[in-house]
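For the numbers below, each heavy atom of this structure counts, side chains included, while hydrogens, waters and symmetry mates do not.
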Amino acid sequence: MSLQAFLLLASALFSVGLYGALSQQSIVMIMMGVELMVNAVIVGAAAFWFHTSPDRPDGQVIVLLAVTAMAIEMAVGFAVTTAIFRSRDVDMTDMAADLKG
Amino acid sequence: MVLWLLVAVPVMVGVALAVAGRRADRLAPAVAVGTGTVVLALALWAAMARPAVSAPLLDRLPVGLAVDGLSAVMVVTVAAVLMAVLVFSASEFGARFFGLVLLFAGAMLVTVTATTMTALLMSWEVMGATSYALIGFWWRDENRVASGGVAFLTTRTADLGLYLAAGALLAGGSGGLALADLPGIGSGWRDVAAAGLVVAALGKSAQLPFSFWLSRAMAGPSPVSALLHSATMVAAGAYLLLRVQPLLSATGWAAVVVAWVGAVTALVLGAVAVVQRDLKQLLAASTCSQVGFMVLAAGAGGVAAGTGQLVAHAATKSLLFLCAGVWLTALGTKDLHELRGAGRRYPVVGISFGIGALALAGVPPLSIWFTKDAVLSSALHSSAALYAVGLAAAAMSGLYAGRALFLLWSPSDREFDVERRVPRLQQWPLPVLAAGAAVLGVVFGLGDSRWWEAVLSAALALVAVGLAAVATRGAADVVDGRSPVLSAWLHLDALAHKGVVALTVALAGWLARFDDRVVDGGVRVASGLGGAVARVADARVDWSVDRFVQWVAGVTRGLGRSARRPQTGQLHHYYAQAVVALAVLALLVVVFGRG
Amino acid sequence: MDENPLALLPEILLAVAAVIGLLLGSYLPKHRQWLVRLLAAAACAAGLVVTVVAWSGEDMAVFGETYMVDVATNATRVVVLVAVLLVLGLAGDPVRGTMRESEFVVLLLLAALGSVLLAGSNDLMLLASGYLLASIPLYALAGFAKDAPGTEAALKFYLMGALLGVTMLAGLVVLFGVGGATQYTALSDGLASASRVAVAVGAIAVLAGLLFKAGAAPAHFWVPDVTEGAKPVVAAFITTVPKIGAVVAIYRFVAVPLAAARVDWALMIAIIAAVTMTLGNLAAFFQDNVRRLLAYSTISQVGYLLVGVAAAGRSDLALPSVLLYLGGYAVTNLGAFAVVCALPHAATLADYRGLVRRHRWLAVSLVVLLLGLVGTPPTAVFAGKLTVFTAAFDAGLGWLVVLAAVNTVASVFYYLRWIGPAVRGEEASAAPEVSRWAVRTAYATAAVSVLLGVLAGSLLGVLGG
Amino acid sequence: MDVLSIVVFLPVAVAAALLASPRIGDRVARWTWIVASAVDLLLVVVLWIGYQPGESGFAYEVDRRWIPSVDSGYHVGVDGLSLPLVALTAVLFLACAVYSARETRRVRSYAALFLFLETVCLGLFVSLDLILFFVFFDLSIVGMYFVIAGWGHRDAARAALKFFLYTFLGSLALLLGFIGLYLAASPHTFDIVELVRQDPLAGKGAMAALVLAALGVGLAIKTPTIPFHTWLPPAHTEAPAAGSAILAGVLLKMGTYGFVRIAMPALPDAWRRYAMVFVVVGVVSVVYGALVALAQRDFKRMIAYTSVNHMGYVILAVGAAGLITSSETQARDLAVTGAVTQMVSHGLITGALFLLAGALYDRGGSYEMAAYSGLAAQAPRFAGLTGLAAFASLGLPGFSGFIAEFQIFTGSLGGAPVSTAVAFLGILITAALFLRAVQQLLMGQFRSPNGPFPDLTAPEAASITPLIVLAVVVGLFPRFLLDVIEPASRVVTSVLGG
Amino acid sequence: MIPVWRDVLFWVCAVLAVVTGIAVFRVDSMARATFALLASFVFAAGTVMLLDLPYLGVLVILMMIMEMVVMAVFMIMYMMNPAGLMPMTMVHNPKGSLAIAVGTFVLLATGVLLVPWPSSQAPKPEDPTMQLGEALMGDKMLVMIVLGLALFATMVATVVLATHRGRYDRYGDRLERKRPQDPSRGGLGR
């Protein structure tokens, strides 16, 4: 249960989430990808706290911060999705590409 | 102060008249003649008092004027000839003409009294420009204006030598650009200065190879020719060489060159004069030839002889031109054949012309016989060959002067188409000048020439005149049209045109096209990136800053398009680009960024 | 512990005004919501007064040293508060009496607060929280109109922000891992001996978020789309206020924790600056839509600002010049948007043809403002640019200055594409409707941008230059 | 407010007042413009009369700090280099104001723009601070852009843009050079006087060369010299007459003035080392400009190219002044004095020529010389002034051009004999092209594209004649001007040392 | 717990977290994806609990459950094919994304394995939760305050974005109605 092992897990979660964010068309699915990345952050922060600075609370606070951030991002995400769904009846990013150039 | 007045009066009155233009036409002759009188008086006074003045002009480079022995003679000559020309013209011309003539004479007066390079150069150039205006006086005729242009440009080409000399004089260590400093400056710069001065003088004096402009200058009114060819402009070159004779001899080579150019011009242009059919052209060529003697004198060290020749020639030539002018206005022609018998028709003019022509021929005891012998004697001092050429040239003058004389005096039964009375004012100056042409030589004497030289040249002149008499007897004119090359003044004009003018114009045109193509090509490039890229890819593209600027514009246009290409509007493209860019940045920093 | 709430009085004023504003708005009739605006304006004014009165050269670290009150923070406060005041002015016509006027104002205040907090953060976690606070209200503002372009803008804005926010958090974790702390001073000690690779990756990940806020490459993609999609007044705010906080935050981030790290962060920032300004300028070149053009222009301006940031620590002039530039940029950019707001129906450059005929002074203001953005003396941006370039030169970034200068020249082209038709005396295009509040704001900003330039010397003195 | 600042800012104040009062008519605007310019000229005359340089070599010096942290401020003053140019600016702007009495298109804006430009030009010449200098340098480009774009001929927009981009590029190079100077100075400063005193780049070869290159390119574009001149012909061809007159008469001088005010004294070592470059550029400009002008068929384009030629003399002179070999200080003084005199002279003469070209275009609707002939018959005043201006421009003694060119030639020959000798060709070719133009336009049988060719109107004559008269006054009695210039030239050459 | 078991438990949790994470984007219904995500979070939280941080682990799990419920509601609202009745291929640029993701992972993993991570001999706190609480009330208080403000902003923002009708639609421009005028009745307290 070394630090490297945790970090590998975090890297894997981060990459999987990144893949999702990059490849998904549905807004909600993209948000899921982003959440997986937050998951990685949580794991990483906890691991670093444990292995490098258990005497300081910073690592723990980061986890809390990440969780809150995730919640906030999700709430806004849903609101944005609602707004765009209402205004143009889509929930795919590909269909919202009028602004370009 | 008087010296200032001497130069300022003609200049200021001249400018005033020229500016006033037509409004002053009625007053102008009187004013001009009055001014001429004042100038003559001032000149006489200056010749006696020998004043010297100076005024600051540029940084430690003043304008200096002074009258010494040489210039005393010159100012009087200029003033006298000016007076004659003004009186002669009084019946025919308006304010603009008199204004320009006075300005011209003023410039000449400054030229002959200048003691510093600044004064000399300024007056020298103004004289050239005024001659342009005078030659092209009848401006509605583009040909005449063009002739003026040729005169101005040719003399200005030579004038560059004067600029060069001025620079060399300063660089050689003369703080004030005084002409007197010339022989004493550092030797390298001295040679440069001498070369520049010689070129300038030869150009102004219409010596070879610049002679052609004088032929074109005949397009101007006759009084202008009289002024130009006698005491001013053409004489100025010779005067300058006489003035800087110490410099010429100090360099060693310059004196020899000048002497030979003078001698050869005297001979060749004499020959040109012989075959001319146009009276004014004949006189013009003879001017070159006669001035050649003065140049020869300057080269050979005979300053006094040259000066004498200058004065005697001034009187003679102004007389002859004025006579030609009388006939031209009275009879409407200057063709020698058509003028046959004109001398008999207008006796006062004819006799005056006769005296002048004989003087020109070097017939003793008229003035030029004296002065020319003085010149030839100084030539003999330096080289026998020079003397021989000079002698041949003297023979030429006998030939052409005699030819003109006999053609004009030979009896003719034909009626003149146009015939007008000659105004009194035009006749008055002629006898006076004739007297001058006849007797002035005595004043200067024969210099240090030996008796046999004088006799030889007198005999030569008489023989030549005799030959001319034979040649023109009856209706014949044996030399007429014999040598096209000589008739056409050795084609110098055409040569200069082909060799210099055409070449320059072609170069200018080429450069302008280059410049235009640069601009236009640039516009084309800007019109499309494709074109720009193609041209850039084309290795033969000729480089230029402007095209470079346009090329940059074209490329930027392309870059601008590609810079907006990432902005697809598709979010997943944004995502991918941002992530990849950040990763690349991280790699860059990890690899290169060792803080 | 040094919880000195008074030190944060301007921030507190903003927060309180936001809360009260929301409450007040709930009880006000529709057409009297201007009271909320008044409240917000009063809070901003009060904040300005407090900041100026309490301004001192001394640095003060508060709340466990997680927050710095120093010249940079104070300057950011001033600039942000002035910018908010200007935006409130701009919002006069388009928002007045609409359904959500109070919410609009509240979101404005919260975003401004977030921006200030970004600038003052002396702790990575506070930075991340500030990032959230500075972003969330903007997403809502971008989609405020809830029309098709607005919501699309909000969507793209939000998704970019979410991804890069998480990236920032990841970077935070990495830096925390190798540095052992998130508070800058402690982190600085930790990073001094930390692995170069880890610091580089972590720093870039953290920067990703800040670059997103600043609208710099490679996180700039949202800028044109949001600027075009959102309402002009919102676009004005979004392209101005968050950038201020973000640029100062970047400055603080490289100047404190990264200062001792074994990473060439100057190179990093320099590359970002170079790419940002070049990309922004090039993309603006043949842009016909004025708002997109302005958007790209703001991107390039951030590039110039980052030139100054790259000089951090190596030139005494770096911070003052960046702050001066920020102030000048904020006013000038808001002014340019004010002109856009004043003519709501003029969308393309062609619509500005003959503006000088109809609205002489508006055209003059536009010329002054756009030339200001170019960096023509004696405007504020010129003074900023000049000092920023000087600082970068001082710091040995000559190549970057040359590139920036080249870019400045290039930028003249597209600003002229706008100025040209506006001042040429041709027949004007269809008579545009004019918003009076926006017009006044445009005049004011034009005047201020020149005034700031003239006063640049004394300003720099105050900013410690 | 000191008198110099009043002189500088009076026009722009009037311009603002003009813009701010929308109700006034064209007539009032015109007269306001003329009166403002006249008052400004009057003030300049007062300045000239009271000119008494102090210890520093400057008169009317004012020094207020602007950006102290970079030591830049509002530092203005006049010395022998700038006072003549200030006077020239005031004269030319008044001439343009009088000349433009016939302008009918948006008179108020036109007047305001020119007044603004006047302030900018005056401001540049009195600046003793690099930033201030740069500010005015840039604003001049902006102002002229609007003049060309707003009141030019058919293709004005493109020409104006080209002008703008080109000269702006130059100004950026200039700015880089300024920053280089600033950084080299210790303590850092943008103050020109202080920089000259410090000689910050002495002994720093590469850096000095770079800074000089930046300054050189920036100023050369504005001057313009070969090969940076291509913006000039289109800008002139498309600009309105008064705009061309100002552009050629005043704006071009900013480049050459920059050389004598900044590049030479602040970088004496580098200047001496690379003086030959400037000499060569100058000579090539002289000959190339003259030759290309010779080939032009368009009167205005021809004059434009002669500007390249005439500015080439200035570059030649300042280059030659830096050549060590001309140890004779008198020659170098002469060269620098000649350069400044040439700026004044070219301003007067070319200003007059462009105004005449404008009059020509108004009557015939074309600049094509072949379209005209014998204009002297119908328009003697036009013919007389054109003839005089042409002769003045070709360097005839009696006009200011000769005074300038003679000093340049005489002063430069010692240092750069071959180059200077080649440059002599310039006056010959200009003579040829002006004679040709005069002959084509004025002499011969009358012909004009639009039938009759009325003579100059009173305002036109009143604006052009004084310029010619001034050129003659300087040509005959140059001491009043040279007495002012010479001490300042000596300062420049003494700083150059060697 | 015996260290070996902790290791085993960790690896099990880790692998499952990743696998379920991948499953989020492989399953063909959004509902399944939601639950896969939840699972991934739960397993990751499990590893966190192994690090003596039970409080945070539980917090994550509870948070995720709430969120997934909300997400389910949304999916129903927008008819996003919740039951997986139709197979969905809502992806773009899958290969590129995969390449980027794999590349990122390779780079990160290389870094993880090569970077000399610091280690601490510092004693573990008695009660990590206590440590967290002290920090929140102490040094990191401002962080929490700002997060609170962010939450406040989130509320305002979501309301602005998501609700169609505002108070003036319901209660009139002067808020004069006692009862709101809604197109369909219902809601809290009605």
Scan the side chains in residues 2-11 of chain A for donor-acceptor partners under 3.5 Å anywhere in the protein, sequence neighbours excluded, and list what turns up.
unit_1: Ser2(A); atom_1: OG; unit_2: Ala5(A); atom_2: N; d: 3.3
unit_1: Ser11(A); atom_1: OG; unit_2: Leu7(A); atom_2: O; d: 2.8

Under a 4.5 Å cutoff for heavy-atom pairs, which residue among Val15(E), Leu136(E), Thr154(E) has the most contacts with chain A? Thr154(E)

Return the option, out of Val8(E), Val143(E), Thr129(E), Thr34(E), with the maximum number of heavy-atom pairs under 4.5 Å with chain A. Thr34(E)

Asp55(A) versus Pro125(E): any side-chain heavy-atom pair under 4.5 Å? no

Val67(A) vs Val60(E), side-chain contact (heavy atoms from CB on, under 4.5 Å): CA-CA, chis, key distance, verdict: CA-CA 7 Å; Val67(A) 171; Val60(E) 169; 3.8 Å; yes

Sidechain N-carboxylate O distance under 4.0 Å for Lys140(E), Asp58(A): yes

Do other residues, nucleotides or ligands put more than 12 heavy atoms under 6.0 Å from Arg86(A) CZ? yes

Heavy-atom proximity to chain A below 4.5 Å, by part of Met130(E): neither

Side chain, backbone, both or neither of Leu51(E) within contact of chain A (heavy atoms, under 4.5 Å): both

Could you tell me which non-hydrogen atom of Phe41(E) sits nearest to which non-hydrogen atom of Glu35(A), and how far apart they are? CZ-O, 3.1 Å

Heavy atoms of Met29(A) and Ala33(E) approach each other most closely as CE-CB, 4.0 Å

As an exercise, state the distance from CE of Met74(A) to CE of Met68(E), rounded to the nearest 0.5 Å. 8.0 Å

Test Gln60(A) against Tyr55(E) for side-chain contact (heavy atoms from CB on, under 4.5 Å), laying out the working first. CA-CA 10 Å; Gln60(A) 292 199 56; Tyr55(E) 167 73; 5.6 Å; no

Show me, pair by pair, the donor-acceptor contacts under 3.5 angstrom made by side chains of residues 97-118 of chain E, not counting sequence neighbours?
unit_1: Ser97(E); atom_1: OG; unit_2: Asn93(E); atom_2: O; d: 2.7
unit_1: Thr104(E); atom_1: OG1; unit_2: Ile100(E); atom_2: O; d: 2.6
unit_1: Thr110(E); atom_1: OG1; unit_2: Val106(E); atom_2: O; d: 2.4
unit_1: Trp117(E); atom_1: NE1; unit_2: Val112(E); atom_2: O; d: 2.8

Bottom line for Leu132(E): the part with an atom under 4.5 Å from chain A's heavy atoms is both

Does any heavy atom of chain A fall under 4.5 Å from the side chain of Met155(E), the backbone, both, or neither of them? neither

Under a 4.5 Å heavy-atom cut-off, does chain A meet the side chain of Leu53(E), its backbone, both or neither? side chain

